[in-house]
Every structure is written in structure tokens, then in C-alpha cells.
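Here is the structure we will look at.
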Number of protein chains: 2
Amino acid sequence: MGIYMTDATSIQPLLDYFNRLIPLSVEEKDLIKSKFHAHLFLKKQFALQHGDVCEYFTFVVRGCMRLYMVDDKGVYHIMQFATENYWILDLTSFHKKIPARLNIDALEDTVVLRITHSDLIDLYLKAPKFDRIFRVLLENHFMHQQQRMTQLFSSTAEERYQLFLETYPHLLNRLSQVQIAAYLGVTPEFLSRIRSRMAKG
Amino acid sequence: MGIYMTDATSIQPLLDYFNRLIPLSVEEKDLIKSKFHAHLFLKKQFALQHGDVCEYFTFVVRGCMRLYMVDDKGVYHIMQFATENYWILDLTSFHKKIPARLNIDALEDTVVLRITHSDLIDLYLKAPKFDRIFRVLLENHFMHQQQRMTQLFSSTAEERYQLFLETYPHLLNRLSQVQIAAYLGVTPEFLSRIRSRMAKG
DNA sequence: AGGTCGTCTTAATCTATATCAATACTTTTT
DNA sequence: AAAAAGTATTGATATAGATTAAGACGACCT
């Protein structure tokens, strides 16, 4: 059941991703190849644990990870899932080099491409185009997060579940109800109730 | 009660702000002077109304504005306040040029410096350093928002109020309880109860 | 000066969601 | 194959916070 890959094949999705934002030169592509490194996480394996410093800016090539916090009562709150072509990291910990308040782990066997903080700074220095690329990337990330926040703020659990179904239909079968509930901000019991209510109503 | 200013005095806080992020050359300072324009909003005046496209990336020099949404039931949810040296805009509307889902208005007479979308693009082209400056600025904005989201997600209204008091002590006297309640995501009645509970307990 | 409007408080009742508990079923581990 | 752990459901009860309503105080119109 092992996942086999060569660097040549695994870097391609990231090159495609960047190229779609802003077309890259050959030199820039080579820079990416030298700075980003592939890594495999097995299901349940941690990429970041609360208290450690987040060392990597991480791109998911294949699989699924979650970014989440555990509150004082031990309840899990999932900020974000990351599947194919999404980014995942604790940005605050990464940039300020302070202990992370968030955790990241794999919900499936997951292949990522990741870059360290110092290599990213070096990338910015060697090719300023990456300042622009990461600016655009952050804009997108921010817009996603803001939409999620307005939603959490102003809708009922049922509305949030409906929107989840519309926005991430492909995730429904990949995630357990426990994970979806932790993303919506409700208990699994209540999500179960919502589903049975929707099935009838 | 009018506010008098010259361009020379009013642009300075923005130059200082940028200069603190990344030192600027004289040419870059001149670019800023030519691209950002001062504007005064009187109390209660709108800077952006739901349905319009957000035309400006806005920096608050003096005063206080709020970024908020109104939900289906007519309830106000404040995403963010912006006082001196903060940015305020509906980023999604601004970048995608689609109708805004958020509103912005002034809670006090407020002086801002703002730049249009096309002038910002032009700024990026003329001085790539601004790609970096706005990348850093967005990182900061994102970190703020993420902290707010984890908070909304995982704490009680009382804990959120406590944290508000610690984080924004200077805002307590500038905002009515109605505004603070809309920021915390509770009704003003319940906030009143929290306060009396805290005063006793 | 009087009226209207916004602000804050307090009380009674209501509701969305949490908690606790029991059961059945499936998957993983040993 | 048995044991253990995770997954989903359903019911009874509890609770954080909403809703509705009323009264008191102050600010701003005209």
C-alpha cells in the first residue's frame, strides 16, 4: 500500500498551481524544484503539534489534512481541511516563530510539498515574483477564511451544513461525521439530528 | 466641527506605517503620495454599502469605522473595527469586483487615506516592493482574523468579552455596548448581563 | 422646553444546541 | 476470532444565549 513517487512527478501539481496564478520562467520553476520538498504523512500522523513552531508552508498534492485547535474542555475545532491543491499551515506560528496554538494531522495518507521559512525568504529574495504570487495566494486564503467567519457568525448549524454540502460535495464521502461536526462547530450528535431532520423535512 | 488638513500632514501616518514594515525610498514615498487620497467620513456615513463594489483599499488615519454584515433577520454582525493605523475593506469585493456582502460605515468622524484598485495594480507594477509590503500587510490581517475566528469558535461570550477588554482597552470608551455586542456575536441584553455578572462575581 | 431617539438594565419565557447515556454496527488491532 | 476502538443513532435532560417587554436615563432636535 506504499506510495511511490519521483521528485519529477510530484512537483508538477505545484508548478501548475503557481503557473495558473502567474506564469513562471524556467529559472523560477527550477527555484521551486530546489526549495520545495516532498513528504508523505500516513493517516493520523501529525504535521504540527500544538506547542511546536510551525516550520513549513505546506501544499497538499494528494490526500487530506486538517488544521484544528483543541479547547480547554478538550473539544476539537477544525479551522480548515486541505485536500489536493490547498495550502495548510499555522501562519502565525510560521511567521512569528512562536509556539503553535493549532495542530495539523493527516486524515488520509497524504503527499505534500513544503518549504521552510528560511527557504521561503530566500525564494522572495532570489525571485521577487514570489512576493506577488504569495500575496495573491494569501488574498485567496483570506477570502476563504472571511467567508467562513461570516458564515459561523450568522447562520444556524443546519444552514452551515447545507452550505458545506454545496461547497465541498466531494468531501462528504471522505470525512466522517465527527470531522464534519468539528468543522461546523457542533457536536456529532447534533449533526446526526440535523441530517435526520433534513432527510424527513 | 470641521476637520481641516493638508495633504502634507495627513499622508504622514501612512508613510510611517509602510516605513515601519519595510523602509521606503524617496520615489516610493512620492508614489504613495500620488496614489493615496484623503477622504473624510462624518459619523454614520457609509464608505461601502452591501451590493456595491468595494472600490478602495482604505487606511484609517483618525476616527473609527466598522466592517459588518446584516443577516437575513436584520441582525448586525461586526467583523472588525478599524481605528488609527488599521486597514478596512471588503477584500473579496475589491479583488473580484463583485457586489459586496459587507458594509462599512463611520462610528466617529473619520479621516482615511485610500487607493483604488487600478491605482494599486499600478503601484505594484511601478514599485514591486509594494507586492512585498502588501504581502506582509495581508499576513498580519490574516493572523488577526484567524485569532478572532478561533476565539469565536471556542469561547463563551463572557470569555470573548474578557479578551476584548484585554486586547482593545482603548475601544471600551469609544464604542457603545450595542457595537461591542455586535462584535462579540451576542445581543446587547446579554452583554449587559455579562457585565453585571462580572461586576458581582 | 418638550418630544423623540438611542442607550442600558432587569425580568420572564423560549429555543438552539450541548450533555449524558444507551444501543447497534463497522473497522482496526491484536 | 476475539477484543477494542471508532462511528452513527436516538432519547431525556440541561444550559447558554435569544426574544420580548418594560422602565429609566441621557442626548439631540426643532
Side-chain angles (χ1 to χ4, degrees), chain A residues 1 42-45 64 66 68-78 81 105-109 151-165 171-201, chain B residues 1 42-45 64 66 68-78 81 105-109 151-165 171-201:
Chain A
M1 197 55 92
L42 296 178
K43 187 173 177 174
K44 295 196 182 180
Q45 206 178 340
C64 182
R66 59 175 178 172
Y68 64 99
M69 68 173 301
V70 184
D71 72 19
D72 308 336
K73 292 169 203 141
V75 179
Y76 284 55
H77 304 275
I78 297 178
F81 296 112
D105 64 15
L107 295 172
E108 305 171 356
D109 292 352
Q151 205 195 113
L152 270 176
F153 227 139
S154 67
S155 9
T156 63
E158 177 158 348
E159 289 164 342
R160 282 179 339 250
Y161 182 58
Q162 297 265 20
L163 196 64
F164 174 82
L165 291 181
L171 283 185
L172 182 62
N173 307 309
R174 279 170 83 171
L175 300 171
S176 72
Q177 279 188 208
V178 176
Q179 306 305 333
I180 297 174
Y183 178 82
L184 297 177
V186 297
T187 58
E189 292 95 328
F190 192 65
L191 178 54
S192 172
R193 248 162 256 257
I194 288 171
R195 284 165 55 101
S196 72
R197 195 195 300 158
M198 279 170 58
K200 289 169 198 159
Chain B
M1 197 57 90
L42 296 178
K43 187 173 176 173
K44 296 195 181 181
Q45 206 178 339
C64 183
R66 60 175 175 170
Y68 63 99
M69 67 173 301
V70 184
D71 71 19
D72 308 337
K73 292 169 203 142
V75 180
Y76 284 56
H77 303 276
I78 297 178
F81 296 113
D105 63 16
L107 294 172
E108 304 171 356
D109 293 352
Q151 206 194 113
L152 270 175
F153 226 138
S154 66
S155 8
T156 64
E158 177 158 348
E159 288 165 342
R160 274 166 2 234
Y161 182 59
Q162 297 265 20
L163 197 63
F164 174 81
L165 291 181
L171 284 185
L172 183 61
N173 307 310
R174 280 170 83 171
L175 301 172
S176 71
Q177 278 188 209
V178 176
Q179 306 304 332
I180 297 174
Y183 178 81
L184 297 177
V186 296
T187 59
E189 292 93 331
F190 192 65
L191 178 54
S192 173
R193 220 156 274 250
I194 288 171
R195 284 165 56 101
S196 73
R197 196 195 299 158
M198 279 171 54
K200 288 168 197 160

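Basis for what follows: all heavy atoms, side chains included, without hydrogens, waters or symmetry-related copies. Chain letters run A, B, ... following the sequence lines, proteins first and then strands; every chain starts at 1.
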task: Can you label the angle between the A:Tyr76 ring and the A:Tyr68 ring as parallel, tilted or perpendicular, going by 30° and 60°?
output: parallel
statement: What one should report as the nearest heavy-atom pair of B:Leu191 and B:Ala181 is CD2-N, 3.7 Å
I'd like a list of close polar pairs between nucleotides 15-18 of chain D and the protein, N/O only, cut-off under 3.5 Å.
unit_1	atom_1	unit_2	atom_2	d
D:dG17	OP1	B:Ala157	N	3.2
D:dA18	OP2	B:Thr187	N	3.2
D:dA18	OP2	B:Thr187	OG1	3.2

message: Is there a side-chain contact between A:Phe164 and A:Leu171 in this structure, where contact means two heavy atoms from C-beta onward sitting under 4.5 Å apart?
response: yes
Side chain proximity check, A:Met198 to A:Leu165, heavy atoms < 4.5 angstrom: yes
message: Is there a side-chain contact between B:Leu152 and A:Leu152 in this structure, where contact means two heavy atoms from C-beta onward sitting under 4.5 Å apart?
response: no
- line: note: B:Glu189, atom CD; C:dG6, atom P; distance rounded to Å ~ 15 Å
message: Just so I know, are the side chains of A:Tyr183 and A:Leu175 near enough to count as touching, which here means a heavy-atom distance under 4.5 Å?
response: no
message: Between B:Asp105 and B:Lys44 (salt bridge meaning N to carboxylate O under 4.0 Å), is one present in this structure?
response: no
Each nucleotide N or O in nucleotides 4-8 of chain D that has a protein N or O under 3.5 Å away: list the pair and distance.
unit_1	atom_1	unit_2	atom_2	d
D:dA8	OP2	A:Gln177	N	2.8

field: Side chains of A:Asp71 and B:Phe153 in contact at under 4.5 Å (non-hydrogen atoms)
entry: no
query: Is the backbone of A:Lys43 close enough, under 3.5 Å, to the side chain of A:Asp109 for a donor and an acceptor to pair up by distance?
result: yes
- line: Given Watson-Crick and G-U pairs under 3.5 Å, DNA chain C in dot-bracket ([ ] crossing, | other strand) is ||||||||||||||||||||||||||||||
query: Rounded to whole angstroms, how far apart are OH on B:Tyr76 and P on C:dG6?
result: 11 Å
query: So, the side chain of A:Arg160 versus the backbone of A:Gln151: is there a donor-acceptor pair under 3.5 Å, distance only?
result: no
